[in-house]
Amino acid sequence: MIHQLKKDIEAHLTAAIFEAYQLEVSVIVEEPKKPILGDLSVPVFSLVKAAKIRLDSAVAFVLSSLEQLQEPKRIAQVAVMGGFINLTLDRKVVGRDLIKSFLDDPDLVQILQPVHPETICIDYSSPNIAKPFSIGHLRSTIIGHAIGNLYEKCGHRVVRINHLGDFGTQFGKIIYSYIHFGDQARIEKNPIQELAELYVAFHEQAKDHPEMEEEARRIFKELEQGNPEYVRLWQWFRQESLKDYMHVYEKLHVAFDSYDGEAFYNDKMAEVIDLLHQQGLLKQDSGAMIVDVGADLPPALIQKSDGSTLYITRDLAAILYRKRTYGFDKVLYVVGNEQKLHFEQLKRLVEKMALGYHESIIHVNFGLVLQDGKKMSTRKGKVVRLIDVLDEAVQLSRNYIEEKNPDLPDKESIAEKVGVSAVIFNDLKNFRGNDFEFDLEEMVNFVGQTGPYLQYTSVRINSILSQADFVFDGALDDAWFERDYVYDIIKAIDLYPQTIERSANEYAPSILAKYLLNLASLFNSYYGKEKILVDDLRERNTKLHLLYMVKTVLNDGMHLLGMQVIDHM
RNA sequence: GACUCGGUAGCUCAGCCGGAUAGAGCAACGGCCUUCUAAGCCGUCGGUCAGGCGUUCGAAUCGCCUCCGAGUCGCCA
């Protein structure tokens, strides 16, 4: 609402300046940091400079233009401070308007309706078969899931794709390892653990026996060509891994529209290579087939000298398939920073092939989870299993419940929801591009800027609402909106729709996460100041309206981030 | 070595398409539970925005250089 007013003022002033000076000055209306200065602020420096006029004439010009704006009610006060013109809005009107629009469209379907609904493919999670589901894949999973939710909320169609890492030379390695030192019974008992150990064992042995690498590549090539024994082992490993992953996804409440991994594209590779060949892009280089993708990037390796394919070949096949199958407007790859070059190459390949959609390929990169300041390595067996972290978080959550609320009826279910959500929120609250050091204590922290803080705030509100009956009858004590700490909450709620849009457009769930923390903090601060359930019905009803809005926004926001919403804890 | 990303309070981070006195949480210290859930609230302490130069009325924000950290750099994914 305030956002709309801001846009209106910007448009009005830009037009007025053009009319008076024939100058295209794009006026920016900003929000002053200090609330005492007002709700909106117009700096006039750009006009001074462009029109080469004095500061005071620029101020006078803007002031008179503002008077012509058809804005009878909302702007209550205009004050000039140096080169800034500060506008203060009528808090009663803002509060009433907000509540009205909130009640008219509580799910924001009208406000967030896109001009052009798009189809967005999101490639995320994508764990590597036969390896434990690690913290690294947690990041991709929950960032991708949240971005998908955000786009859906904005009215777009989202296709969620789990591009399983179920193919490639790594399987040559594991199969080699299994044949030479594997044990069927042990794998059946504890598949992921054993398979991961086989993978580590391979790399340990290969240090002294480099010919093993060659052998692994040969096995993969045969797997690719359909060697029945290798295919059987591969299917077995894949199936066992998938079972394990589904367990994790269940805990995280994420699901996908497609689980077509790399292997799915095995029979679609020839098409890609033919296409590259026809366009004369493919060339041979020391036995392998490569494509030059420009002087600023290293060439892309499409086919190994033994004829088998690579990661990028499969990604290329996948994008062709996805364009045909889903007709995406955008395809997002939620994959770590370390693969930046890979996606630059992929994008360039698509551009070189003149397919016309290279601009819609977006690498939504995220920071690495470090251990002792360095990247974790599956090859050396240095991974942290997600399931262990989740278990730890749920246990801590149980402890809190025993300490704070031992009579809670459904302890176990709440403990699970709080613990898992804490881990999810901890990952989403900071900008995704930042690397971070693995720190279990930080991940399962429940105090301060955390998931449980948001849940707790919502629960507190819920507790009050459940003790009161109130009706949305519009009978409001609007004088109450004048109070700073109330008005701050109103302004924060008003900001919710644009926060969702920004969060989606920048592929940054952290924007929403920070917003929710701020809203919760404003509410808790208010909660400490005033009693809600007062005797005066009109006042009470007004407060309950506000609480209802805060709770609705908090719950909706948490849901978008992939957290579990609860009503008591 | 080249390229990419980063360096803001003791720690974890916001702010970065230039705007007014750089903000949160944690930690530390001091308060607040006979009244709506204290997983909370209030207060105190804490800054050469890595360093330098430049552009500008105005720089944490833009440009260049230096230092430091991480990642990547054809037969892994």
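Here is how names work: the chains are called A, B, and so on, in the same order as the sequence lines, proteins then strands, and each is numbered from 1.
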Visitor: For A:D536, does the CG atom sit with more than 12 other heavy atoms under 6.0 Å from it, leaving out its own atoms?
Guide: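 Count over threshold, so yes.
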Visitor: Please measure how far the P atom in B:A2 lies from the corresponding atom in B:G47, and state the result in whole Å.
Guide: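 Taking atom P in both B:A2 and B:G47, they lie 37 Å apart.
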Visitor: When you compare the side chains of A:Q205 and A:Y176, does any donor N or O come within less than 3.5 Å of an acceptor on the partner?
Guide: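 Their side chains do not contain a donor-acceptor pair, so the 3.5 Å distance test is not met.
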Visitor: May I ask you to decide whether A:D306 forms a salt bridge with A:K304, counting only side-chain N to carboxylate O separations under 4.0 Å?
Guide: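 Salt bridge flag = no for A:K304 with A:D306.
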Visitor: Please work out if A:G373 contacts a base, only the sugar-phosphate, or nothing of the nucleic acid, heavy-atom cut-off 4.0 Å.
Guide: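 Touches sugar-phosphate only.
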Visitor: Distance criterion of 3.5 Å, no angle test: do you see the side chain of A:S126 paired donor-to-acceptor with the base of B:A77?
Guide: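 Looking at the base of B:A77, it does not pair with any donor or acceptor on the side chain of A:S126 (distance under 3.5 Å).
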Visitor: Does this structure show an ion pair linking A:R348 with A:D296, if we count only N-O contacts that are shorter than 4.0 Å?
Guide: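 A:D296 and A:R348: salt-bridged.
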Visitor: Between B:G69 and B:G19, how many Å separate the two P atoms, rounded to a whole number?
Guide: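 Looking at atom P only, B:G69 and B:G19 are 32 Å apart.
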Visitor: Any salt bridge linking A:D166 with A:R238? Criterion: basic side-chain nitrogen under 4.0 Å from a carboxylate oxygen.
Guide: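 A salt bridge links A:D166 with A:R238.
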Visitor: When you check the side-chain N and O atoms of A:N86 and A:S41, is any donor under 3.5 Å from an acceptor?
Guide: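 Yes, a side-chain donor-acceptor pair sits under 3.5 Å.
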Visitor: Is A:D427 paired with A:R139 through a side-chain N to carboxylate O contact shorter than 4.0 Å?
Guide: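 A salt bridge links A:R139 with A:D427.
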Visitor: Between A:R460 and B:A38, is there a side-chain N or O to OP1/OP2 distance below 4.0 Å?
Guide: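 Checking B:A38 against A:R460, a side-chain N or O does come within under 4.0 Å of OP1 or OP2.
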Visitor: Could you check whether A:I28 gets within reach of a base, just the sugar-phosphate, or nothing at all, counting any heavy atom under 4.0 Å?
Guide: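 No contact.
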Visitor: Do A:E530 and A:K543 meet the salt-bridge criterion of a basic N to acidic O distance under 4.0 Å?
Guide: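 A:E530 and A:K543: salt-bridged.
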Visitor: At a cut-off of 3.5 Å, list every protein nitrogen or oxygen paired with a nitrogen or oxygen from nucleotides 9-13 of chain B, distance to 0.1 Å.
Guide:
| residue | atom | partner | partner atom | Å |
| --- | --- | --- | --- | --- |
| B:C13 | O3' | A:N434 | ND2 | 3.4 |
| B:C13 | O2' | A:N430 | OD1 | 2.9 |
| B:C13 | O2' | A:K514 | NZ | 2.7 |

Visitor: Output one line per pair: protein atom, nucleotide atom from nucleotides 72-75 of chain B, and distance, for all N/O pairs under 3.5 Å.
Guide:
| residue | atom | partner | partner atom | Å |
| --- | --- | --- | --- | --- |
| B:U72 | OP1 | A:K375 | NZ | 2.9 |
| B:C75 | O2 | A:S305 | N | 2.8 |
| B:C75 | O2 | A:S305 | OG | 3.1 |
| B:C75 | N3 | A:S305 | OG | 3.0 |
| B:C75 | N4 | A:S286 | O | 2.3 |

Visitor: Are A:Y311 and B:A77 close enough that a side-chain N or O sits under 4.0 Å from OP1 or OP2?
Guide: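 The answer is no; no side-chain N or O of A:Y311 sits under 4.0 Å from OP1 or OP2.
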Visitor: Between the side chains of A:R483 and A:D488, is the shortest nitrogen-to-carboxylate-oxygen separation below 4.0 Å, so that they form an ion pair?
Guide: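 Between A:R483 and A:D488 there is no salt bridge, as every charged N stays at least 4.0 Å from the carboxylate O atoms.
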Visitor: Would A:R432 and A:S510 count as having a side-chain donor-acceptor pair, cut-off 3.5 Å?
Guide: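 Side chains of A:R432 and A:S510: no pair found under 3.5 Å.
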Visitor: How should the glycosidic conformation of B:C16 be described, syn or anti, under the criterion that syn lies within 90° of 0?
Guide: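 Classified anti.
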Visitor: Got a donor-acceptor pair under 3.5 Å from the side chain of A:D315 to the base of B:A77?
Guide: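 Checked by distance alone, the answer is no.
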Visitor: Indicate, with a heavy-atom threshold strictly under 4.0 Å, whether A:V459 touches base, sugar-phosphate, or nothing.
Guide: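 Base contact.
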Visitor: Would you call the rings of A:Y199 and A:H203 parallel, tilted or perpendicular, where under 30° means parallel and over 60° means perpendicular?
Guide: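 The arrangement is perpendicular - the two ring planes meet at more than 60°.
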Visitor: Do A:R218 and A:E214 meet the salt-bridge criterion of a basic N to acidic O distance under 4.0 Å?
Guide: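 No, A:E214 and A:R218 are not salt-bridged.
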Visitor: Determine: side-chain N/O of A:K340 to OP1/OP2 of B:C5, distance under 4.0 Å, yes or no.
Guide: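 For B:C5, neither OP1 nor OP2 has a side-chain N or O of A:K340 closer than 4.0 Å.
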Visitor: Of the nucleotides B:A39, B:A70, B:C42, which has the atom closest to the A:K374 side chain?
Guide: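 Of B:A39, B:A70, B:C42, B:A70 is nearest to the side chain of A:K374.
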Visitor: Please state the P separation for the pair B:A27 and B:U12 - nearest whole angstrom.
Guide: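 Result for the P pair: 15 Å, nearest Å.
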Visitor: So, is A:S521 close to the B:A24 phosphate, meaning a side-chain N or O under 4.0 Å from OP1 or OP2?
Guide: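 A:S521 to B:A24 OP1/OP2: no side-chain N or O under 4.0 Å.
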Visitor: Could you give the distance separating B:G54 and B:U61 at their P atoms, to the nearest angstrom?
Guide: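 Rounded to whole Å, the distance is 14 Å.
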Visitor: Pick the nucleotide of RNA chain B nearest each of A:N337 and A:T450; which residue has the one closer to the 5' end?
Guide: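 It is A:T450, whose closest nucleotide lies nearer the 5' terminus.
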Visitor: Have a look at A:E530 and say if it touches a base, only the backbone sugar-phosphate, or nothing, with a 4.0 Å heavy-atom cut-off.
Guide: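 It contacts base atoms.
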Visitor: Which value, in whole Å, describes the distance between the C1' atoms of nucleotides B:A20 and B:A60?
Guide: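 Approximately 15 Å lies between the C1' atom of B:A20 and that of B:A60.
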Visitor: Determine which bases of RNA chain B form Watson-Crick or G-U wobble pairs with both distances under 3.5 Å, and write the result as a 5' to 3' dot-bracket string with | for other-strand partners.
Guide: (((((((..((((.....[...)))).(((((.......))))).....(((((..]....))))))))))))....
Visitor: Between A:K404 and B:A39, is there a contact of a side-chain N or O with OP1 or OP2 at under 4.0 Å?
Guide: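 So the side-chain polar atoms of A:K404 do come within 4.0 Å of the phosphate oxygens OP1 or OP2 of B:A39, strictly under.
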Visitor: Checking all strands, does A:D292 fall into the base, sugar-phosphate, or nothing category for heavy-atom contacts under 4.0 angstrom?
Guide: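 It contacts nothing in the nucleic acid.
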Visitor: Take A:S46 and A:A520, find for each the nucleotide of RNA chain B with the closest heavy atom, and name the residue whose nucleotide sits nearer the 5' end.
Guide: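 Closest to the 5' end, via its nearest nucleotide, is A:S46.
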Visitor: Checking one value: the base orientation of B:G74, syn if chi is within 90 degrees of 0, otherwise anti.
Guide: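 Syn conformation here, the glycosidic angle of B:G74 being no more than 90° from 0.
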Visitor: Between A:E402 and A:R398, is the closest basic N to carboxylate O distance under 4.0 Å?
Guide: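 No salt bridge links A:R398 with A:E402.
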Visitor: Under 4.0 Å between a side-chain N/O of A:Y527 and OP1 or OP2 of B:C33, yes or no?
Guide: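 No, no such contact exists.
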Visitor: If you only use heavy atoms from C-beta on, which nucleotide in B:G71, B:G40, B:A39 is closest to the side chain of A:N524?
Guide: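 Nearest listed nucleotide: B:G40.
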Visitor: Check the orientation of A:F343 and A:Y333. Use parallel for under 30°, tilted for 30 to 60°, and perpendicular for over 60°.
Guide: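 Tilted: the ring planes of A:F343 and A:Y333 meet at 30° to 60°.
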Visitor: Choose from B:C41, B:A38, B:U37 the nucleotide whose nearest atom is closest to any side-chain atom of A:S463.
Guide: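 My answer, after comparing the listed nucleotides, is B:U37.
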